[in-house]
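Here the structure comes first, spelled out in structure tokens, and everything after it is commentary.
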Amino acid sequence: MAFLSYSRQRSINGQGWLLSASVAAIMVALPLLSIFWLALFPTDNIWPHLLSTVLPNYVITTLTLMLGVGVLAGSIGIVSAWLISTYHFPGRRVFEWALLLPMAVPAYVIAYVYTDLLEYSGPLQAWLRELFSWKTPRDYWFPPIRSLGGAIWMLGLVLYPYVYLLARASFLEQAATVKDAARTLGCTPLQAFLRVSLPMARPAIAVGLSLVMMETLNDFGTVDFFAVKTLTAGIYDTWLNMGNLGGAAQLAALMLIFVVVLIVMEKQGRSRQRQFQQGDRFKAIQLHRLRGFRAVLAWTACVLPVFAGFIVPLLDLTRYAWRHAEQSWSPDFLRLAWNSLALALAAAVFCTVLGLLLAYAKRLYGSRLLSSMTQAATLGYAMPSAVLAIGIIIPFAAFDNTLDGWLRNSLGISTGLLLSGTLFTLLFAYSVRFLAISAGSVESSLGKVTPSMDMACRSMGYNASQTLVKVHLPLIRGGLLTAVLVVFVDCMKELPTTLVLRPFNFDTLAIHVYQYASDERLPEASLAALLIVLVGIIPVILLSRTITATRRYRIQ
């Protein structure tokens with residue numbers, strides 16, 4: 001009887017985990033369903049009008065931007081990863097982690113900085129006019145920063161670390177004997193890279209490029225500031241300026257098609273090529289020492305993206321922050337910093353707990369249905385923030401209006417907005433957006449815990465919850481802390497979702513930077529932007545240490 005009671009209790013406990021994970025997965029996938037529902041059944045169908053007027057321009061501009069950013073970020077990321085993984089030259093150990101630093105700079109921040117530096121009234125053009133005695137813009141030509149080309153450069157400078165990160169990790173994982181075999185066959189280091197290393201790293205590069213293009217689709221601050229008419233800008237214009245939520249949902253559904261195409265292309269690229277690592281993958285990698293002009297070229301190729309993508313923005317923001325320290329350091333700034341830190345920390349903890357729920361339920365019940373639901377729940381990271389905001393506001397507003405109408409008719413009581421325009425909505429949006437990060441980190445950590453641990457706990461009479469608390473959590477605390485940290489930093493930088501879903505009279509550092517910089521008041525926003533950049537450096541350092549620890553080097 002005692003055994004039957006324990007088995008029944010354990011079954012009920014396990015079903016509770018399964019039910020909780022299923023409900024969480026459905027709630028997280030709700031925005032996606034809302035988008036397609038409103039797109040198919042809009043209140044006012046303006047799709048024909050959009051199709052005949054602005055939609056072709058939106059699509060062409062978006063595709064051009066994605067292609068340009070992909071080429072630029074891919075070129076910088078692949079070349080720098082190859083140099084760091086293959087050669088030894090002055091400054092290489094610094095560049096290992098320094099090449100990741102631009103990842104800490106939000107794209108909209110670097111757009112504001114370079115506009116301030118390169119526009120007509122900026123210091124560079126003013127210096128050129130003084131040097132060559134130019135008087136008016138007709139006396140010389142200077143590339144416009146606020147253009148599609150400018151947006152490509154700004155996004156490429158901060159997104160190339162995605163390609164560098166994954167390409168370098170792939171180069172480090174490649175078996176040393178494969179490269180040695182290519183060298184014995186007479187290949188130079190460059191030929192070995194083009195014929196062996198690069199094809200083997202193609203799946204990782206495809207993942208990096210897909211992330212770059214998804215982030216390009218997600219960007220709003222840069223394209224809005226540069227007046228580049230992408231689908232993201234079109235969603236905000238249709239929704240907020242034209243007041244047509246159905247039309248915005250239709251554009252959002254079109255963006256989701258772009259995302260699905262990227263995901264399918266990335267998976268096909270990886271599935272076409274399967275590689276199995278040899279047993280010597282932990283053998284020390286042989287680095288070829290560069291000297292003279294070649295060393296200078298390698299150093300220049302690595303220092304330029306770091307200088308343009310991180311050092312220039314950091315120095316410019318520091319200069320303004322120092323000059324306006326007394327004006328910027330105010331009670332309002334402290335309030336904004338507290339709002340950002342508290343909101344990001346709450347979202348990071350909530351998102352990590354949700355990721356733990358899904359990952360642990362998947363470990364307990366490896367059914368196809370639960371796995372499919374978990375995968376659907378983690379698609380939020382691929383969903384652009386503009387699309388996510390619409391997908392959340394639709395069901396939340398419908399719930400608020402339905403409940404308020406029912407209570408008005410039944411009891412004469414008005415509840416107002418219980419969910420829409422509250423911090424809960426923003427926390428929910430962050431959780432949907434970054435659940436893939438937390439769930440992936442937690443699932444990876446859980447995967448390293450041998451199943452025999454679970455069996456031993458069951459033999460000792462522990463149920464699933466007790467096993468998680470007493471055994472798994474202490475073992476995976478490193479993965480949990482990493483998930484909290486990465487989500488925290490991403491929430492600090494997040495602009496589009498916060499801009500739309502934040503409560504009234506509630507601003508964050510990202511909103512503050514966007515509002516002031518959009519009004520050409522970058523000096524007043526520099527301290528807030530600098531704080532966002534400095535916070536973003538933390539996960540960059542952790543990522544670099546994790547990758548560097550995977551292989552040893554020897555220099556030839």
Side-chain angles (χ1 to χ4, degrees), residues 23-32 34-35 103-104 106-108 211 214-215 217-221 232 236 252 259 336-359 374 376-397 419-442 480-504 506-514 531-532 535-536 538-539:
V23 172
I26 292 173
M27 287 296 296
V28 172
L30 184 61
L32 185 65
S34 301
I35 289 294
M103 186 183 291
Y108 55 87
L211 290 174
M214 288 179 189
E215 290 294 333
L217 268 178
N218 180 59
D219 179 78
F220 172 72
T232 302
Y236 283 94
V259 171
L336 293 173
W338 168 252
N339 288 347
S340 296
L341 293 172
L343 180 64
L345 182 59
V349 172
F350 182 73
C351 191
T352 303
V353 170
L354 191 59
L356 177 62
L357 172 65
L358 293 176
T374 303
T378 56
L379 285 177
Y381 188 74
M383 192 183 305
S385 296
V387 177
L388 178 62
I390 294 177
I392 289 177
I393 204 67
I394 293 171
F396 280 25
L419 298 179
S420 305
T422 64
L423 285 177
F424 174 79
T425 303
L426 201 52
L427 288 173
F428 181 76
Y430 285 163
S431 300
V432 175
R433 178 84 172 90
F434 302 115
L435 179 60
I437 298 175
S438 61
S441 179
V442 174
L480 292 174
L481 291 176
T482 300
V484 170
L485 181 60
V486 175
V487 175
F488 171 81
V489 173
D490 281 336
C491 291
M492 285 284 293
K493 298 189 297 183
E494 177 63 27
L495 174 64
T497 304
T498 313
L499 188 65
V500 175
L501 298 179
R502 75 189 193 277
F504 291 111
F506 183 90
D507 290 330
T508 63
L509 292 174
I511 298 297
H512 176 75
V513 172
Y514 169 75
L531 181 58
I532 294 174
V535 170
I538 301 174

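All of these numbers come straight from a predicted model, not from anything done at the bench.
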To check you understand the geometry: which heavy-atom pair defines the closest contact between [X] and [Y], and what is its length?
X	Y	answer
S431	L354	CB-CD2, 4.5 Å
S438	C351	OG-O, 3.0 Å
A510	M492	CB-O, 4.0 Å
A252	I390	CB-CD1, 4.4 Å
I35	G391	CD1-N, 3.4 Å
R433	L388	CB-CD2, 3.6 Å

Handout entry: Main-chain N/O of N218 paired with E215 side-chain donor or acceptor, under 3.5 Å
Key = no
Handout entry: Donor-acceptor under 3.5 Å (S385 side chain, P496 main chain)
Key = no
Exercise for the section: For Y430, check side chain to side chain donor-acceptor pair (under 3.5 Å) against everything at least two apart and list the hits. Expected result: T498
Practice task
Can you sort out the partners of S34 under side chain to side chain donor-acceptor pair (under 3.5 Å), two or more places apart, ordered by chain and number?
Solution key: none
Problem - Spacing of T497 atom OG1 and F428 atom CZ [to the nearest 0.5 Å] - result: 12.0 Å
Fill in the blank from the handout: Rounded to the nearest 0.5 Å, the CG atom of D219 sits from the CG atom of L495 at a distance of 8.5 Å
Flag side-chain contact, heavy atom, 4.5 Å: [X] against [Y]:
X	Y	value
Y108	F220	no
P106	I532	yes
V487	L435	no
F506	L343	yes
L341	F488	yes
L531	V535	yes
Y236	V500	yes
D507	H512	no

Handout entry: Within residues 339-356 or reaching into it, pairs that qualify as side-chain hydrogen bond (donor to acceptor under 3.5 Å, both in side chains) - sequence neighbours excluded
Key = none
